[in-house]
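Quick notes on the structure that follows.
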Amino acid sequence: MPVGSIPVGITGTGICLPERVLTNQELEKMVDTSDEWVKTRTGIGERRIIDETMTTSDLAVKAGEMALENAGLTPDAVDLIVVATVTPDMYFPSTACLVQEKIGAIKAAAFDVSAGCTGFVYALAVASQFVQTGMYQTVLVIGAEALSRVIDWGDRNTCVLFGDGAGAVVLRPVDQGFGILSLELGSDGSGGELLKLSAAGSLCCGIPGTSGKESRAGYAEYLQMAGSEVFKFAVRIMGECAANAVLKAGMTNGDINLFIPHQANIRIIKAAAKRLRLPDEKVYVNVAKYGNTSSASIPVALHEALLEGKIKKGDNIALVGFGAGLTWGAGVIRWAV
Ligand code: ACO
């Protein structure tokens with residue numbers, strides 16, 4: 001953190017997971033897969049899926065309201081809403097604007113951030129600048145996804161991996177020595193092809209003289225992923241990125257009380273933890289319950305770790321994510337409340 005800037009920390013968290021549980025056994029009836037394969041290769045036992053009436057902003061609203069309540073604030077205190085998502089309700093208006101209206105954050109500015117599964121870390125980094133500079137006092141940062149809406153439920157390579165959900169945090173000024181101590185962000189657009197959703201972008205439609213269908217030829221309506229390439233990238237980058245964030249905070253891994261990695265695959269988490277030489281009890285894992293919820297996974301894990309009493313005031317928490325872009329990001333936070 002730059003010298004002389006206002007320390008900024010998380011003062012409230014909230015989550016929303018849809019009620020509908022989709023089990024591996026149910027997926028066995030949809031595609032050629034097995035509970036055993038999914039559990040062994042990914043660590044995922046079940047995931048949550050929104051019903052037909054819900055959207056990403058509905059999940060974001062519930063998580064955001066819970067975070068505000070836990071921070072002891074009402075929506076009219078919010079200066080800015082930043083939503084990280086790759087599954088917005090629509091291209092525009094932004095999901096953040098939909099949330100602003102739905103929660104009644106009457107004075108808040110609002111915008112979305114798109115950085116794949118790293119979205120929450122990117123949003124945290126962007127949002128924290130407003131508090132650090134003194135421009136805003138209260139920022140609501142939400143990671144929210146309805147990945148079930150962009151998955152081909154006939155593709156076993158992807159449909160077993162993802163789930164829906166939202167997690168939110170409130171950022172506020174905190175006491176000196178607490179809050180966000182370091183942030184590390186990165187990207188490599190040359191890996192963009194490894195994980196993408198190309199439908200309806202400016203690459204593929206709206207060409208005069210063609211019908212919508214013709215101009216979209218060759219582009220996919222659903223998320224596409226080169227799983228094993230993403231796997232290798234993820235293991236390498238999670239280790240590097242987390243190590244850099246810890247170093248920037250002037251710490252070693254031994255100073256970190258809890259690592260909260262993006263929850264994509266238990267094998268990725270374990271391999272990255274091994275590279276960082278972290279004991280299991282220092283790494284938070286809930287991928288078995290929710291699958292990969294992209295931007296929501298880190299704030300959901302953070303909230304659950306707090307509920308389980310795994311984080312207390314003064315603890316050093318490291319967050320680390322990777323995702324489409326390709327992107328990556330990590331941060332070290334000294335818990336302030
Ligand atoms: N059930 C049964 N078999 C399957 C399934 C399934 N659900 N999915 C794939 N297989 C098969 C494949 O077809 C392949 O069969 P083949 O050898 O006959 O061709 C075999 O299993 C092995 O496939 P691999 O891809 O080598 O399996 P791998 O061990 O790499 O695991 C996985 C695949 C789970 C996708 C893994 O590569 C992974 O987790 N990758 C990272 C994915 C990820 O994190 N994505 C999110 C990024 S974040 C974001 O921004 C959205």
Side-chain angles (χ1 to χ4, degrees), residues 22-47 56 84-88 112-123 143-165 185-189 191-198 220 222-239 241 261-272 285-288 290-301 319-330:
L22 182 67
T23 63
N24 291 344
Q25 287 75 17
E26 286 174 273
L27 285 168
E28 284 175 354
K29 293 175 194 141
M30 297 182 204
V31 289
D32 180 15
T33 191
S34 67
D35 176 49
E36 199 265 331
W37 191 97
V38 179
K39 279 198 179 130
T40 319
R41 307 297 268 204
T42 72
I44 300 167
E46 58 190 39
R47 68 288 292 143
T56 297
T85 186
V86 288
T87 50
D112 287 359
V113 165
S114 169
C117 298
T118 323
F120 178 77
V121 183
Y122 265 69
E145 304 286 4
L147 285 149
S148 62
R149 293 288 160 78
V150 298
I151 282 165
D152 177 355
W153 288 102
D155 175 13
R156 70 176 184 173
N157 292 294
T158 52
C159 76
V160 302
L161 303 176
F162 298 98
D164 302 336
L185 301 177
S187 71
D188 175 10
E193 288 295 312
L194 299 180
L195 188 52
K196 64 177 185 179
L197 176 57
S198 58
Y222 301 108
L223 177 149
Q224 293 174 307
M225 185 180 69
S228 54
E229 279 84 350
V230 175
F231 189 100
K232 281 176 233 149
F233 152 74
V235 170
R236 177 179 58 80
I237 210 67
M238 292 247 282
C241 183
H262 169 47
Q263 309 283 315
N265 183 321
I266 190 66
R267 288 161 53 219
I268 294 175
I269 294 172
K270 280 193 184 294
V285 179
N286 66 4
V287 69
Y290 306 127
N292 179 350
T293 57
S294 191
S295 296
S297 95
I298 291 175
V300 167
L319 314 177
V320 56
F322 66 92
L326 298 167
T327 56
W328 55 92

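Everything quoted here is computed from the prediction, not taken from an experiment. Counting starts at 1 for both ligands and their atoms, following the listed order. Heads up: numbering here begins at 1 and tracks the sequence.
- Remark: the backbone N or O of Pro261 is paired with a side-chain donor or acceptor of Gln263 at under 3.5 angstrom.
- Counting the atoms of ligand 1 from 1 in the order shown, those under 4.0 Å from a heavy atom of Thr42 are 34 (C).
- Closest to atom 44 (O) of ligand 1, if we only count protein heavy atoms, is Ala264 CB, 3.4 Å.
- Nearest to atom 36 (C) of ligand 1 among the protein's heavy atoms is Phe231 CD1, 3.8 Å.
- The closest donor-acceptor contact from the side chain of Asp112 to the backbone of Ala84 lies at 3.5 Å or more, if one exists at all.
- Among protein heavy atoms, atom 46 (C) of ligand 1 sits closest to Asn292 ND2, 3.3 Å.
- For the pair Lys29 and Glu26, the salt-bridge criterion is not met [side-chain N within less than 4.0 Å of a carboxylate O].
- Here the side chain of Ser295 pairs a donor or acceptor atom with the backbone of Gly116 at under 3.5 angstrom.
- At least one N or O atom of Arg267, backbone or side chain, sits closer than 3.5 Å to an N or O atom of ligand 1.
- Between the side chain of Arg47 and the backbone N or O of Val160, at least one donor-acceptor pair lies under 3.5 Å.
- Note: an N/O pair closer than 3.5 Å links Arg41 and ligand 1 by distance alone.
- Checking atom 20 (C) of ligand 1 against the protein gives no heavy-atom contact under 4.0 Å.
- The ligand atoms of ligand 1 that sit less than 4.0 angstrom from a heavy atom of Val160 are 7 (N).
- Of the protein's non-hydrogen atoms, Gly227 O, 3.6 Å is the one closest to atom 41 (C) of ligand 1.
- Within the 3.5 Å criterion, the main-chain N or O of Glu36 finds no donor-acceptor partner in the side chain of Asn24.
- Ranking protein heavy atoms by distance to atom 47 (C) of ligand 1, first place goes to Leu195 CD2, 3.3 Å.
- At least one heavy atom of Ile268 sits under 4.0 Å from some atom of ligand 1.
- Ranking the protein heavy atoms by distance from atom 45 (N) of ligand 1 puts Met225 SD, 3.1 Å first.
- Closer than 4.0 Å to atom 5 (C) of ligand 1 lies at least one heavy atom of the protein.
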Could you walk me through whether Phe322 and Val230 pass the side chain to side chain contact (heavy atoms under 4.5 Å, CB included) check? CA-CA 9 Å; Phe322 66 92; Val230 175; 4.2 Å; yes
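- A donor-acceptor contact shorter than 3.5 Å links the side chain of Arg156 to the backbone of Asp32.
- Heavy-atom proximity to Ala324, at under 4.0 Å, picks out these atoms of ligand 1: 49 (C), 50 (O).
- Protein heavy atoms are absent from the space less than 4.0 angstrom from atom 23 (O) of ligand 1.
- Assignment of Ser228 to the shell around ligand 1 is supported, since a heavy atom sits closer than 4.0 Å.
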Show your reasoning for whether side chain to side chain contact (heavy atoms under 4.5 Å, CB included) applies to Leu147 and Leu223. CA-CA 9 Å; Leu147 285 149; Leu223 177 149; 4.3 Å; yes
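- Among protein heavy atoms, the minimum distance from atom 1 (N) of ligand 1 is reached at Thr33 OG1, 2.6 Å.
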Using the side chain to side chain contact (heavy atoms under 4.5 Å, CB included) rule, take Asn265 and Val287 through it: C-alpha gap first, then chi angles, then the decisive distance, then the call. CA-CA 7 Å; Asn265 183 321; Val287 69; 6.0 Å; no
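- Ligand 1 has no nitrogen or oxygen under 3.5 angstrom from a nitrogen or oxygen of Ser294.
- Remark: the backbone N or O of Ala146 is paired with a side-chain donor or acceptor of Thr87 at under 3.5 angstrom.
- In terms of modelled atom types and a separation under 3.5 Å, the side chain of Trp153 and the main chain of Ser148 share a donor-acceptor contact.
- Residue nearest to atom 9 (C) of ligand 1, selected from Thr87, Val31, Leu147, Asn157: Asn157 (by heavy-atom distance).
- Using modelled atom types, one side-chain atom of Thr118 and one backbone atom of Gly323 make a donor-acceptor pair closer than 3.5 Å.
- Among protein heavy atoms, atom 39 (O) of ligand 1 sits closest to Asn265 ND2, 2.7 Å.
- Proximity of Val86 to ligand 1, defined as any heavy-atom pair under 4.0 Å, is not found for any part of the residue.
- Geometrically, ligand 1 and Cys117 share a nitrogen or oxygen pair separated by less than 3.5 Å.
- At least one N/O-N/O distance between Arg156 and ligand 1 falls below 3.5 Å.
- Distance screen at 4.0 Å: atom 16 (P) of ligand 1 has no protein heavy-atom neighbour inside the cut-off.
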What's the verdict on side chain to side chain contact (heavy atoms under 4.5 Å, CB included) for Leu319 and Phe120, showing C-alpha distance, side-chain angles and the deciding distance? CA-CA 10 Å; Leu319 314 177; Phe120 178 77; 4.3 Å; yes
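- Using a distance-only test at 3.5 Å, with no hydrogens or angles considered, no donor-acceptor pair links the side chain of Glu145 to the main chain of Thr293.
- Checking Trp37, Phe322, Phe162 against atom 10 (N) of ligand 1, the nearest heavy atom belongs to Trp37.
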